[in-house]
Amino acid sequence: MAGSRRILIAGVSSALGSALAAALEAEPGLEAIIGVDRGQPRQELARTEFVHLAERGALVGEIAQAAGIDTVVDVRQGAGGAGNRGREPVEDWEPARGLRKLVLASSDLVYGVHPGQPAFIDEDQALSGPGAGAAADGARAAERAAAALAQRRGGQLCVTVARLAPIVGLPAGCARTRLLALPVIPAVLGSDPRWPLVHADDAVGALVHAAMNELPGSYNVAADGVLALSEIATLLGRPLAPLLFPWGTLAAVAALRRLGLPVSRALVAELRFGHGLDNRRLKAAGFRYRYTAREALIAVRDGRRDRRALTIGGEPDRRGGAPRRAGSADGYDDLSPGELAAVIPSLEQDGLKLLRDHELSRGARTAVLELLEEELARRSS
Amino acid sequence: MRHGSAAAPDRPPAAGLDAEALREQLPGLEADRDLSDWGRSRNLEEAIDRTLGEFLYRYWFRASVEGIDNVPCRRGALLVCNRAGALAADAAMVAKAIRAEHPCAPELHVAVDAGLIAAPAIGVLAARLGAIASHPANLQRLLFDEQALVLAFPEGRRGARKPLHERYRLAPFDALAFVRAAIRAHAPIVPLAVLGSEEALPTIGLPGVGKRLALTAGVPLPARFQIRFLEPVGTDALPAHAAHDASLVSELTDRVRALIQDNLTEMRARRRSIWLG
């Protein structure tokens, strides 16, 4: 089959969708990128055409057919279905007759969570496990519909199902990432569950890889390294609040619901048991992860400074897409000289020079400049 | 941290994924992590090993080890042991024996009930010390992909609940899953016989109650431990479909069980004293 030329992103207004659009815009050789969603996109899209999906208007499949789309990337179920506000059925690819590839972003919730699972769940695991919860139902239904569609179209359609682990580095997201954004992370006393994670760059990269290559079948998208919740809390620098199951958890559920975090039995099961994902199939298919789970958390933590990337619900406070690359000085403007004094000794030589140039270019703060000069002088002596 | 555009470009997908291809894709070890992906803690293990492990192994149980060379170096193997005694003394001593006596000192994982891993607090502690749930996928990953040692107790709970007068008489092995996993992973089966743990933590049957309880409340008596590793039973020569052949699997299981039983009987006959060996 020829490579992808005209791509449609369903769910482009979600954080994941925006990041995906930004990544696809950087791909050469794409004739057209169309983004479709109910709500408005959260950022300026360079060459992605946005089509607003009205309440009773055209289906995604009809738009795809009309625009001559050959590849659909559907992220409405990804990130725990956070983008799918109305929980309406999202298996509406049928009218797209000319579709050659469907990439469905699903979630690892489809596996359910219960103690009898293997330590690293692989893609062949049956999806009928208990403990899945409502969020998984949407993803499971979408996967079933995609499989049925593939069957009906025979060899014409290549369906890739990407089961995403909880994504770090994007605002909003599945229940687990939102739990990690709280100042104190609730935990169940006596349990230290293992959670799979994936960096936003890698999640988006995996979807792009699936869109640009032939990857039929299901693939787990998770970074190397399955971290225990205590490790995650240590890396993020937050305390754990152990709750006694089941009474403590019931009280916490009520409190968290009021904070806007939907807590389900499935989430409590995740806090008690957890699971790991076997991510090797996607790697064997040629995709390279750029961050391990640990590196992903460190990158997000350091990139945050005093801005929260993992927020509860709504507002993103920086534009969706790739996090700041190391080597940019953007985050430093918010820091006072006192805080900078603490940080400066740990910077590399290049970092110091960069910071000095940055300060000079923006109306330098004398105190900061002095600190920098001092440090540079000390280093070179 | 690796950066976007500077990293290696993604390759086009490989045609056909087989077990070998997946094995190559195992995640690498991260040096600054204390916990492994299985939840095993290096620091905790070392701390307990240096203190309690040393004490129990050298002074309390005074374990004597034979046939340590039968444990392969840097190669996956399934160790099958008789279970006796209520607590994990036998598992702990076998692991310590391998760590202390074996030239390569490979890491040993202990296959336990999934229910134990899921239990609050105890489950976390067990996982930190190397216990894993006996799921076939776990066994495959350890034996084949990671080429690690897995210690299994096929007698299961029946072994732990044997009354004192029935000690060292092996209960029927519930070893289907283990033997199948070993065949599938082409891992040798190393039977081993442990003498002494039954007397260290004796269980008695209370008359009229029907349930068997550990006699001593968790403090093991200083019986002399003897650990004998037997010649490995190879699975390389078995055909690919052997894992599904029930008769072959049960034949292999019976052979392993017989080997352990014979050795246990012989070791018991040779033993002059429970406490002094």
Side-chain angles (χ1 to χ4, degrees), chain A residues 114-122 124-125 188-194 201 205-206 208-210 212-217 223-228 230-231 244-245 272-274 276 278-296 298-299 302 322 325-327, chain B residues 1-41 109 113-125 127-128 132-142 145-146:
Chain A
H114 56 97
Q117 285 174 329
F120 301 91
I121 303 181
D122 73 13
D124 297 328
Q125 172 103 345
V188 172
L189 192 64
S191 302
D192 199 3
R194 298 151 57 239
D201 279 1
V208 169
H209 185 70
M212 305 306 291
N213 294 299
E214 295 295 311
L215 255 66
D224 286 343
V226 179
L227 303 179
S230 55
E231 281 187 287
L244 187 62
F245 179 85
R272 290 174 70 205
F273 308 123
D278 190 342
N279 65 348
R280 295 177 290 165
R281 193 182 286 189
L282 186 61
K283 287 200 281 183
F287 179 67
R288 291 283 160 268
Y289 285 92
R290 282 160 195 140
Y291 298 87
T292 67
R294 226 176 144 265
E295 289 170 354
I298 292 173
D302 293 344
R325 282 160 287 123
Chain B
M1 170 169 48
R2 291 159 280 202
H3 295 294
S5 46
D10 301 337
R11 296 193 323 243
L17 304 170
D18 60 348
E20 287 290 341
L22 287 184
R23 175 154 65 171
E24 286 167 30
Q25 302 296 340
L26 274 184
L29 292 169
E30 287 180 278
D32 12 1
R33 269 185 84 186
D34 170 43
L35 294 184
S36 76
D37 278 356
W38 295 92
R40 190 180 187 139
S41 166
H109 302 258
D113 241 3
L116 176 63
I117 302 284
I122 310 177
V124 177
L125 181 63
R128 291 275 190 275
I132 52 131
S134 325
H135 194 284
N138 288 351
L139 297 173
Q140 169 73 5
R141 183 162 175 132
L142 282 171
D145 297 314
E146 297 188 17

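Every chain is numbered from 1 and lettered A, B, ... according to where its sequence line falls, protein lines coming before strand lines. Values in this document were obtained by computation on a predicted structure and should not be read as measured data.
- The candidate with the highest count of non-hydrogen atom pairs below 4.5 Å against chain B, out of A:P193, A:P115, A:A119, A:G276, is A:A119.
- Heavy-atom pairs under 4.5 Å with chain A peak, among B:G123, B:A114, B:P120, at B:P120.
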Q: Any chance you could lay out the side chain to side chain contact (heavy atoms under 4.5 Å, CB included) test for B:R33 and A:L227, step after step, and finish with the verdict?
A: CA-CA 9 Å; B:R33 269 185 84 186; A:L227 303 179; 3.5 Å; yes
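- Considering only residues two or more places apart in sequence or on other chains, B:E24 meets the side-chain hydrogen bond (donor to acceptor under 3.5 Å, both in side chains) condition with none of them.
- In plain terms, the two heavy atoms of A:P118 and B:H135 that are nearest each other are CD-NE2, 3.5 Å.
- For the side chain to side chain contact (heavy atoms under 4.5 Å, CB included) test, residues two or more places apart in sequence or in another chain that qualify with B:L26 are A:R280, B:R141, B:D145, B:E146.
- Across every non-hydrogen atom of A:R194 and B:D37, the tightest pair is NE-O, 2.8 Å.
- Proximity to chain B involves both the backbone and the side chain of A:F120, based on heavy atoms less than 4.5 angstrom apart.
- Per-residue counts of heavy-atom pairs under 4.5 Å with chain A were compared for B:N138, B:I122, B:L139; the largest is that of B:N138.
- Contacts between B:L35 and chain A at a heavy-atom distance below 4.5 Å involve backbone atoms as well as side-chain atoms.
- Residues A:A284 and B:L22 approach most closely at CB-CD2, 4.3 Å, considering heavy atoms.
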